[in-house]
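Here is how names work: the chains are called A, B, and so on, in the same order as the sequence lines, proteins then strands, and each is numbered from 1.
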Amino acid sequence: MANIIHVQKGTKDILPQEISQWHRLEQNALEIFTKYGYKEIRTPIFEATELFARGVGDTTDIVNKEMYTFEKSERSLTLRPENTAGVVRSFIENGMSRLSAPVKLWYKGPMFRYERPQAGRQRQFHQVGIEMFGIKEPTADAEAVMLAVDYLNSLGLNDLEVEINSLGCPKCREEYKRKIKEVLKPEFDNLCEDCQTRYEKNPLRLLDCKVETCKAIFEKPEIQKVIKSDFLCEECAQHYKDFKKYLEKLNIKYVENKLLVRGLDYYNRTVFEIKSNNLGSQNAVCGGGRYDSLVGQLGGEDTPAIGWAMGMERLNSLLEKPEAEKLDGYIVSNSSEDAFELAQELRNKGLKVEFDLANKKFTKQLEKAAKVAKFALILGEDEIRTNTVSVKNLSTSEQIKVPRCDIIKRIGEKNG
RNA sequence: GCGGGUUUCGUCAAGCGGUUAAGACCUCGGAUGGUGGUUCCGAUAUGCAUGGGUUCGAAUCCCAUAACCCGCCCCA
C-alpha cells in the first residue's frame, strides 16, 4: 500500500459527526446578527500581503512571523490571518462610506496563522465576526458587546467573563507609553529579552509579562503608580465612562483589566475580550475593539469603526455535543424498485429517508434501520399489493400497517 | 522560536526482554429467521510511528528522526 497523506499540522477535518454544531454556530450567527441589522459579507481568503502589513500592523506577531505568504505572478499574496483588514478593504473599495451609517457587516470563515498548534489553537481556524462602521459614539461599542453576549447566550454559553479596557486615542496613549518607558528605563537591562523588544515596539504589552524577574520589577511602587495612572484624555475618558454606563444599563457584567491590550496595532479606545474558564490556556472566545483610524490608514475616508471576532473551534469546544440525528425512516423491502419509488415519494414530502441500495437480506435491512432511523418502513409483498406500508417505531417496537398516504401522519405524530 | 509529554488494529486498550501481540467496541460475513436494538458462530495487526543499535532473542532496553498532544510567546 502506498503511504497515506496526512492532514497538515494545525489543520483538521471537520467530520460529518460534528458538522451539526457548526451549522448551529452559523445559523445562530445569521439569525442574531440580522436582528441587529448586520449583513453578511464574504471576502477572499487571500489578499495582497501589504493589506495586512499596513492594516494589522507590522510590529505585530501576526504579521511578523505568522503569515502564510506566497508569490504568484510577481505579486506577494497572503492567506488572511484575520478578517478585519479584508472587510475594511472591501468597505473602502466598494464605496460603502457613502452608505448611510452605521454600516454593519458580519463574516465567517477560515483564517490562517503559522503558529505552534496547541489546545484551542490551530493553523487553519475559523472565525465569526462583526464590523460596524461610521459611529464614533460609545453606544456602538456597547451594542457590539451586547451582540457578542447575545450570540453567546443563544448558544447556551452564559458562564463567561467580559473584560474591558480603554487604550485611549493616539494622543493620550503616546503620553502613557512615554511615561512607562521613562520609569522603566533604569531597569531596562534587567528585563527579559522579550520585554526589551516590547519596550521598543509596544510598551503597553510589557505589563503582563510572566517572567518572575519582570513581574518583580513591575511590582515596584513607582512603576505601579505609572501603570495604574489614569492617562486617558478628557474625551477618551468620557467615551469610556459612557461605554460602561451603557453596559450597566444592558446588564452586562464586566471586569476592567488595565492590562488588556490586544496584539493588533489598529485598536484605540475600547478593547474587550470574552473569556471562558473551560478552555485551557487559550481562554478567549471573543476579542475585539474600536479601530477609528484603520479605514483612513488604508486609504479610505476617516471612518470610526468597531468590531470583534470569535474563534469557532473554541466556541465549539464549549458546546454540548449533540446526539447524531437519525433518519425519519429507513425502507425495508426486497423490491428495490418499490423501495426507490417510496423513498422518492417521501423525500419529496420533506422526510429524511433511505433504503438499502445493496438490497441485502430482510434482517440486515431491519438491523440497519434500527441503527440509523427512527422508523422502519416495511414494504413487503403484502404491503405492495395492498398499497400500504408497515410503519415500525424502532424505539417502542410498535408496528402498524397504514395506507401509503398516511405514512407522514404516522411518523409525524410519533415523532413529535 | 523555546520547554515537557505521548506514539501497539478504524477506535479504546493489555503487554514491563522469550506470548501464536490479550480483550472490548466498531465494521463485515454466517446461523436462526418476515422483524432489529437484547441470541450464537466467525473474519479482521507477519505487526507494535520510522531508521539504526544492544541481545541467542526486542512492542518491551539505548540512540536518532518524525508525527501528535500540552505549555511559553502571541492570539480567536
> Can you list every salt bridge (Lys or Arg N to Asp or Glu O under 4.0 Å) pair that touches residues 360-370 of chain A, not counting sequence neighbours?
Replying inline: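 Listed by first then second residue: nothing to list.
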>> Give me each pair satisfying salt bridge (Lys or Arg N to Asp or Glu O under 4.0 Å) with a member in residues 80-93 of chain A, each pair once, sequence neighbours excluded.
In response: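 As it turns out, the salt bridge (Lys or Arg N to Asp or Glu O under 4.0 Å) pairs with a partner in residues 80-93 of chain A, which skip direct neighbours, are A/Glu47-A/Arg89, A/Arg89-A/Glu93.
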Rounding to the closest angstrom, what is the interatomic distance between [N] and [M] at atom [atom1]?
N	M	atom1	result
B/C9	B/A14	C1'	13 Å
B/G18	B/U60	P	12 Å
B/A24	B/A49	P	23 Å
B/G23	B/G15	C1'	12 Å

Identify each donor-acceptor pair in which a side-chain atom of residues 274-284 of chain A lies under 3.5 Å from a protein atom, sequence neighbours left out, and give them as a table.
residue	atom	partner	partner atom	Å
A/Lys275	NZ	A/Glu163	OE1	3.3
A/Ser276	OG	A/Asn278	N	3.0
A/Ser281	OG	A/Gln118	NE2	3.4

> With A/Leu250, which residues qualify under side chain to side chain contact (heavy atoms under 4.5 Å, CB included), at least two apart?
Replying inline: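 Counting only residues at least two positions away or on another chain, A/Leu250 forms a side chain to side chain contact (heavy atoms under 4.5 Å, CB included) with A/Ala142, A/Met146, A/Ile252.
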> Sequence neighbours excluded, which residues qualify as side chain to side chain contact (heavy atoms under 4.5 Å, CB included) partners of A/Glu31?
Replying inline: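 Once residues adjacent in sequence are excluded, A/Glu31 has no partner under the side chain to side chain contact (heavy atoms under 4.5 Å, CB included) criterion.
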>> Which is more 5' along RNA chain B, the nucleotide nearest A/Leu394 or the one nearest A/Leu279? Just name the residue.
In response: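 The residue whose closest nucleotide sits nearer the 5' end is A/Leu394.
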>> Using heavy-atom distances to pick each residue's nearest nucleotide on RNA chain B, tell me which of A/Arg113 and A/Gly10 is more 5'.
In response: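 First, find each residue's nearest nucleotide; the 5'-ward one identifies A/Gly10.
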Pairs under 3.5 angstrom only: tabulate donor-acceptor contacts from the side chains of residues 5-18 of chain A to other protein residues two or more places apart or in another chain.
residue	atom	partner	partner atom	Å
A/Gln8	NE2	A/His6	O	3.3
A/Thr11	OG1	A/Gln8	N	3.2
A/Thr11	OG1	A/Gln8	O	2.6
A/Glu18	OE2	A/Leu15	N	2.8

> Mind checking what makes salt bridge (Lys or Arg N to Asp or Glu O under 4.0 Å) contact with A/Arg178, not counting sequence neighbours?
Replying inline: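 Salt bridge (Lys or Arg N to Asp or Glu O under 4.0 Å) list for A/Arg178, sorted by chain: A/Glu175, A/Glu182.
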> Of all residues at least two apart in sequence or in a different chain, which pass the salt bridge (Lys or Arg N to Asp or Glu O under 4.0 Å) check with A/Arg121?
Replying inline: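 For A/Arg121 the salt bridge (Lys or Arg N to Asp or Glu O under 4.0 Å) partners, ignoring immediate neighbours, are A/Glu115.
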> What closest approach, in Å, do A/Tyr267 and A/Gly287 show between heavy atoms, and which atom pair accounts for it?
Replying inline: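 Looking at all heavy atoms of both residues, the shortest contact is OH-O, 4.5 Å.
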Which protein N or O atoms sit under 3.5 Å from an N or O of nucleotides 25-27 of chain B?
residue	atom	partner	partner atom	Å
B/U27	OP1	A/Lys371	NZ	3.4

Give one of base, sugar-phosphate or nothing for [X], where a contact means two heavy atoms less than 4.0 Å apart.
X	value
A/Ile378	base
A/Gly380	base
A/Ala369	nothing
A/Gln399	base

> In terms of side-chain heavy atoms of A/Lys361, which of B/G34, B/G37, B/A31 is nearest?
Replying inline: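 The answer is B/A31, which lies nearest to the side chain.
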> Out of B/G36, B/C74, B/G34, which has the shortest distance to the side chain of A/Gln282?
Replying inline: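 The nucleotide sitting nearest to the side chain is B/C74.
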Restricting both atoms to N or O, compile the protein contacts to nucleotides 41-45 of chain B shorter than 3.5 Å, with distance only.
none

> Salt-bridged, A/Arg404 to A/Glu383, with N to O below 4.0 Å?
Replying inline: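 No salt bridge links A/Arg404 with A/Glu383.
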> Hey, are A/Asp141 and A/Arg290 close enough for a salt bridge, meaning a charged N less than 4.0 Å from a carboxylate O?
Replying inline: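 Result for this pair is yes, salt bridge flagged.
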>> Does A/Ser395 contact B/G37 through a side-chain donor or acceptor facing the base, at a distance under 3.5 Å?
In response: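 Looking at the base of B/G37, it does not pair with any donor or acceptor on the side chain of A/Ser395 (distance under 3.5 Å).
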> Does any residue of residues 35-50 of chain A have a heavy atom under 4.0 Å from RNA chain B, and if so, which ones, in number order?
Replying inline: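 Within this stretch, nothing sits under 4.0 Å of the strand.
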> Is the phosphate of B/C68, meaning OP1 or OP2, less than 4.0 Å from a side-chain N or O of A/Lys9?
Replying inline: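 So the side chain of A/Lys9 is within the cut-off, an N or O lying under 4.0 Å from OP1 or OP2 of B/C68.
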> At under 4.0 Å, does any side-chain N or O of A/Ser281 touch on OP1 or OP2 of B/C72?
Replying inline: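 For B/C72, OP1 or OP2 has a side-chain N or O of A/Ser281 closer than 4.0 Å.
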All N/O contacts under 3.5 Å from nucleotides 1-11 of chain B to the protein, with atom names and distances to one decimal?
residue	atom	partner	partner atom	Å
B/C2	N4	A/Arg116	NH1	3.2

>> For A/Phe33 and A/Tyr151, take the angle between the two ring planes, folded into 0 to 90°, and tell me which bin it lands in: parallel under 30, tilted 30 to 60, perpendicular over 60.
In response: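 Because their plane-to-plane angle lies in the 30° to 60° range, the rings of A/Phe33 and A/Tyr151 count as tilted.
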> With centres under 5.5 Å and planes under 30° as the test, does A/Phe125 stack with B/A76?
Replying inline: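 Here A/Phe125 meets both the 5.5 Å and the 30° conditions.
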